[in-house]
Structures are given as structure tokens and as C-alpha cells.
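Everything quoted here is computed from the prediction, not taken from an experiment. Here is how names work: the chains are called A, B, and so on, in the same order as the sequence lines, proteins then strands, and each is numbered from 1.
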Number of protein chains: 2
Amino acid sequence: MQTGMPKTPSKLPSRTRRRVTIADVANDLGVTKSTVSRALNGYTDIAEGTRLRISRAAERLGYRPLSHAQAIRTGRVRSLGLVLQVDNEDSARPFLADFIAGVTQAASAENWTVTIATAETERGVQETLSRLVEEHKADGFILPRTRSRDKRVEALRAQNIPFVMFGRTEDPTGCSWYDIKGEDAMRAATARLASQGHKRIAHVPGGSEYTYSKLRIDGYRDGLAAAGLSIAPALITAPAITHDAGEAATRSLLMMAEPPTAITFAVDRAALGAYRVAQDLGLRIGSDFSVIAYDGIPEGAYANPGLTTFAVNSRQAGDRLATLLIKQIRGTAPEELRELAPATLVERGSDGPPRLTPAELARCLKDIQKT
Amino acid sequence: MQTGMPKTPSKLPSRTRRRVTIADVANDLGVTKSTVSRALNGYTDIAEGTRLRISRAAERLGYRPLSHAQAIRTGRVRSLGLVLQVDNEDSARPFLADFIAGVTQAASAENWTVTIATAETERGVQETLSRLVEEHKADGFILPRTRSRDKRVEALRAQNIPFVMFGRTEDPTGCSWYDIKGEDAMRAATARLASQGHKRIAHVPGGSEYTYSKLRIDGYRDGLAAAGLSIAPALITAPAITHDAGEAATRSLLMMAEPPTAITFAVDRAALGAYRVAQDLGLRIGSDFSVIAYDGIPEGAYANPGLTTFAVNSRQAGDRLATLLIKQIRGTAPEELRELAPATLVERGSDGPPRLTPAELARCLKDIQKT
DNA sequence: CCTCTTGCCGAAACCGGTTTCGGAAACTTT
DNA sequence: AAAGTTTCCGAAACCGGTTTCGGCAAGAGG
């Protein structure tokens, strides 16, 4: 028996033809690897002529450094990490493709890649993130859906690993973020409804664990105040981010002695729940009561009447987040990497001047109940 | 001036605390790196006792091999590549989150990761793929949306790089795939409609460049034949995969002298276009004419009446694809890695026995046109 | 003309692993 | 007891890059 046989594993991929390595480039020009490496990486102690010869030779030979070979010395894998939480409920996330497109596009532009992973639970996300960190599969992370108190943030901050948040958080020390000014959107929504003549405007907030929810409530309150309307705590319902929850919230609002003639929703999906209520009760959205929401999901366009909403540009968000993260990994201080962008109003048919006063609406609803 | 200064770059991340390397584990036990490596990688020339001591020490010290450090010797980065084409039209892909969840879950289970990238055009995909291949960012690739003649397949096959397709292709040599039996679904759809009493059943196919389109047409034809119905070429429209195209296709069918009383759509989204036609003409879907489609997008549930459709399990698809790909990378022959799965019928309200005969429907439509 | 810089590059170490090779010790076999 | 096998592990090379260190040659300054 031959002794040179491997004792077990080893099943190296049968490379069709060997890669072009840095040594090949060096040999081709009669210089050393180190010279090639420095020339290609912008060191200043290389003569301009040499640099040119080297980069041309590299080009000609089709040399591509292996990022994992570089990583072993530099500690950088040139990859961004993205861990998504995919719950069963809202796994159908329409923005996702756009968001990912934005992230990968910005990464590609710098010749970086994106390592993606998913988990179902919050804990799962946490574990997956740790695994990626431990194996150093990415140089930094993009954290979507930031919570007010976010364990991911705490973990990464403690280990001094670069990250950017999509959304803001309670304690911003050492954090970078990109976020949409949801508070401005809700303020504008309320103002718009007020100027249409609505006197009682309600708000259905999003999940209370997320920062955005609080911000949008603030915006709603500010809008009321600016319009000189009083702030009735009863007009803010329990959080609702699903169809069903939105439906329930709408019903509870219309059941009030003095129901609102307009409802702002922190989230489109919840707003679509209101359509079911309207259909059920025979009310017309946009006249009997108005709805303005936030997100800009495609279903909103197909609803009848179309949902007036503040749309966020997910692709741009992904793009900016990746860009900010790369900058941070390259050394920019996190505090300098913070961006806010506005949501854009998409005017459709779900809002308009109120046909009825709150009292009239209440009476009308009572009539409907009887039949 | 100190000479030890770097001439330019070098900005190594200030590691909080040094990683545990294989050398640390070796020193801890007084053995060599090579022993640790072989023990941890299942070589047979390591005493069982030693293996145990080593793996326990590794565990205790929290040792995690860096995959990129391994990759430099083994040529494997333990990562799956996924390049998505995100066109503007259908960037909102509801399955995507599920699909990605499936892929990443299966990858994680084997301690692999997923490298994701996107491009807008077919050429862009091609280029992105090449880049990932050249830099060896992944050991193999998952190709969604396979075309009958697919350049990605040709390129990867030529370079002998592992890949699996979501969908089938014209020339299957050296190919692995996972696919849903769309042909069976369409056959079943046609059979179902025939058994409900429909005599004229149309089909709106998907994009002709994709294999699935041809297969579904085949299924539709088989279904007609099995039901003893004649196959009229005029009942197969131009391809339609969007809302608008589906609407146009539906209109053209209803405009016929002898219109179909049932339409099968290769794609849900196109089927939703039929709803607009129905609303426009005051027809009732499910009685005036029936619709059965394929895909199982969430919007189908919200349509009125709900869209009867054959749903595909995207999550499972992603899961299986990743699993097959990993097997292939580990050495299984591609030809042995082929799987087909059925779509599952979701019965909702868009189909049912025809209220009218084709002739009556035609007359009815003519009446509507006049007014 | 001699020393001091400076510019530029080669030699060699290094990064964290894997794999080859060979040899000492233990175990069989004759 | 000698010779042949096995078992198990250490030494060292290797993978493809990056970075340090030092030295030669050319130019600057005295």
C-alpha cells in the first residue's frame, strides 16, 4: 500500500486550470510578490512606473486576489453581514428584494459582497449573528428593524464590531444609522387630515418594542398640536401591524361614542385591515372616514380606493446603509455616519374631507348595527 | 523618524481581544497544530482518546476555525452563492423572503453561509456571477428562474463549478435541479375545470424564455386531452406575467367569437389582471367565468373572490436547493441530485361550474359592449 | 569627495489554518 | 528474539496573500 495516501478527507476540487496568483504576476515581471502586493494596494514606496507595469500585467494575466487569502493577514473579508428575522406572519415582505438590491449594489460598487442569513426568532437572530461574528464571515453588520433596546446593538457594541442600524435606538452611543423620518410623515399626515376638516383624528401605532413606533406617535401628537386639536389618549389604540390587528383597532375606534373621522396608521398592512371593516359596514373610505398610512407596500395601490400613504424607498435605504457601513469599517467614526431621509407622500383615494361629523358618524354606525 | 512605520495603508481593526487560534488549542494540550487540525477534521490516524481531549479543549477554549483561513488551503469557503435578478417590474417578490429563509436555513445547518448579490439585467447577473466566481466568494451557486437556454448554466458548466437550478433547462447534462411540477398542476387545473363542466378552457402562459412556461403549456394540453376536449391554438394567448399583460390577455380571450368560460394562468400575477376585466365588465369570476392560476402569492387570498391557485412552497424550495448544492460540492454527481415536488392546490372562489355556455357568454359580452 | 537622506525594492517573516512525510513506539507475526 | 506492521503524532512545507525590515543606489547637502 502506498504511504502517500491521505488518511481520510482531502477531496480538493479538481480545478480546471490553476488560478493566476500574485506569484505569477511577480514572475512575469521579474519582481517579487511583495512588490506586486504593495503596488496593487496603494503603498507609496513604489515607483510610479513600476506600479503601472504591475497593474497592467495583473490586468493582462487576469489576476484577481482571493479575498479570503487577503483576509488571513488583513483581518478583512470585504463582506457585509445581514441577518434577517423571517417570522411566519410577515415573511412575505415586499420590500425585501428592493432592500437587498440596494445593499448588494452598494457593496458591489466597492467590490464587497454581502453575507445573508435568516432566523425565525429574536434569539435565533442573536445566535446567528454571533456565529457570523465568531467565524468572521463579515466585517460589519446591517441591522434592520431596530428596537428601542436592541440586544444585537449591545452585543456588537461590546465587541467593538462595526454595524449600522436601519432605524434609531434608545442609546445612540457609538451607533450609526440610516432612518426614515416617520415622525415627519405622521405629522404631515395629521396636518393634511386636519386641513381637510377632520376634528377627531386617531392613530394606530406599530409594535411598541420598535423605536419607529414611538417616533410616529410623537409625530401624530405634534401634528394634532400644530393644528390646534386636542390630544385624546383614547384615540391612540393598541399596537397593530397586521391585517387582523388593524381591523380590530379600526372597529374599536368606530365603536366609540364619538368616533374619529380619520385614522392614521403607523403601518400600511394594519391600514388594509380597515378596508375590511369598511366593506363589512358598508362605509366608504375616503369620505365616511379617512385613512392615511405609512410604508408604501404595493398592495396599497390595488386596494379600493387606493391607500394614501407615506412610502419609503427601501432600495435607497439598503444602498445608504451599505455605504455607511463600509465607511465605518474603513475607519470613519460611527457618530459621523448618521442619515435621515424623508418618506414621500403617495396621494391616493383613502383620504378626503369628512362627509359626516363624529356625532353623525356615530349615529350612522348605530343604525347599521341595528340592521 | 521611525523606520518601522507603514508606508501607507495598514489599518488593522483594533481587535478587542485576540482570537483563539488552532495554535492556542495545541499549546494548551501540548500537541502540535497538525494534530489538532486532523483531530477536528475527522482524520482516521488520530487516537480516539486524543480526538476527544482535543475536541473538548477546543470547545472549552471557544475555538472556531476561520473559514477563510481554511479556504486558502482547502479551496473551500463554505459559502453558497445566490445572484438574483431584480428588475424594476417585479422587484416586489413576495416569495423572496421565504426562499432566502429556506436557503440560509439549510446552509446554516451545515455551518455554511450564503453570499447574495443582485443585478438588474441578464447581463448584469452574468457579470456579477463571474465576479463571484473569479474571487471565489462561493463554492457553488443556486440559479433561480432557469431559462430554457441559460447562459449562467453554460458558463458554470464550462468552468466546472457546482450549481443547482431552481427549474429545469433544455440540456440537462451535468445539471442538478429542484423544481415544482408545474405541468402536473396545470394538468390538474384543466381537469378540475373540465369536471366542473367547462368545455372551452384557455391558457395564459408565462414568459417563453423560461422552461416552466413550456412545461405548464404541456400540462394544460395534456389536461385537455385527458378530458377529451379539443385543443384550440387560439385558446393559448401571448405570454403574460404581469397584472397588465394578464388583463390584456383576458380581454382578448373574452373578445373571441366563442370565448372560453375558464382560463388557466401560468402565473398568479397575470390572473389578478383578469379581476380588473371582470370588475370592468361587471362579470363574476367563479361563475361567469372561472380562473385557476399558479404560484400562491399572498395577494391571491385578498382578491375577491379568492384566487384558486397551485401554491409552491418557496421555503422548502430554498431549503432543498441549498442541501442539494452542498451535496454536490462535497462530491455527489450532479445527475444524482435532481428533485421534483408537487404544487399544492389552494381552493378558493375563483373557479366553479360555468353559469353560461361559451355562446351565451359571448352574447352577454356583446350586450355589455353596447351599453 | 564624503556623508546623509530618500526612493525603491527584495528577502523573509507572518497570518491561521491544512496536508504531506516520516519516524518512534507498540503490536504482530514468524 | 528478530523482523514486519500498525498506530499515532511531530516536523515542516504549503496555501496566497500582506507587512516588516533592511539594504542598495541615486540624489542632496556640506
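- Taking only side-chain nitrogens and oxygens, Y43(A) never comes nearer than 4.0 Å to OP1 or OP2 of dC9(C).
- Closest approach to the L66(B) side chain among dG16(C), dA11(C), dC8(C) is made by dG16(C) (side chain taken as heavy atoms from C-beta onward).
- Within 6.0 Å of CZ on R149(A) lie no more than 12 heavy atoms contributed by other residues, nucleotides or ligands.
- The phosphate of dC9(C) (OP1 or OP2) has no side-chain N or O of T35(A) nearer than 4.0 angstrom.
- Applying the side chain to side chain contact (heavy atoms under 4.5 Å, CB included) criterion to A155(B), with sequence neighbours excluded, gives Q126(B).
- A straight line from CG of L40(A) to P of dT19(D) spans 13 Å, rounded to a whole angstrom.
- If you take CD of Q70(A) and P of dC15(C), they are 17 Å apart, rounded to a whole angstrom.
- For R38(B) against dT20(C), a side-chain N or O and a base N or O form a donor-acceptor pair under 3.5 Å.
- Across all strands shown, T21(B) has heavy atoms under 4.0 Å from sugar-phosphate atoms exclusively, and none from any base.
- With distances taken from any side-chain atom of I72(A) to the nucleotides dT18(D), dC9(C), dC15(C), the minimum falls on dC15(C).
- Across its full length, the helix from dC1(C)-dG30(D) to dT30(C)-dA1(D) shows an angle of 40° between the axes of its 5 terminal pairs at either end, rounded to 10 degrees.
- For the pair R53(A) CZ and dC9(C) C1', the interatomic distance rounds to 11 Å; values are reported in whole Å.
- Legend: residues meeting side chain to side chain contact (heavy atoms under 4.5 Å, CB included) with N27(A), ordered by chain and number and at least two apart, are absent.
- Applying the side chain to side chain contact (heavy atoms under 4.5 Å, CB included) rule to T121(A) yields the partners R123(A); only residues at least two apart in sequence or on another chain are considered.
- Put simply, CD1 on I54(B) is 12 Å from P on dT18(C), counting in whole angstrom units.
- Evaluation of the salt bridge (Lys or Arg N to Asp or Glu O under 4.0 Å) rule for E48(B) yields R51(B) as partners, not counting sequence neighbours.
- Considering all non-hydrogen atoms of both residues, Q85(A) and E120(A) come closest at NE2-O, 3.4 Å.
- Looking at residues two or more places apart in sequence or on another chain, you find no ring pair (Phe, Tyr, Trp, His ring centres under 6.0 Å) involving F141(A).
- Distances from the side chain of A69(A) to the nucleotides dT19(C), dG17(D), dC8(C) place dG17(D) closest.
- Distance, L29(B) CG to dC8(D) P: 17 Å, rounded to whole Å.
- Atom CZ of R73(A) and atom C1' of dG17(C) are 15 Å apart (whole Å).
- Between I22(A) atom CD1 and dT19(D) atom P the separation is 11 Å, expressed in whole Å.
- S34(A) has no side-chain polar atom (N or O) that falls below the 4.0 Å cut-off from OP1 or OP2 of dT20(D).
- Taking atom CZ on R19(B) and atom P on dC14(C), their separation rounds to 20 Å, with Å as the unit.
- Between E48(A) and K33(A), the residue anchored nearer the 5' end of DNA chain C, judged by the nucleotide with its closest heavy atom, is E48(A).
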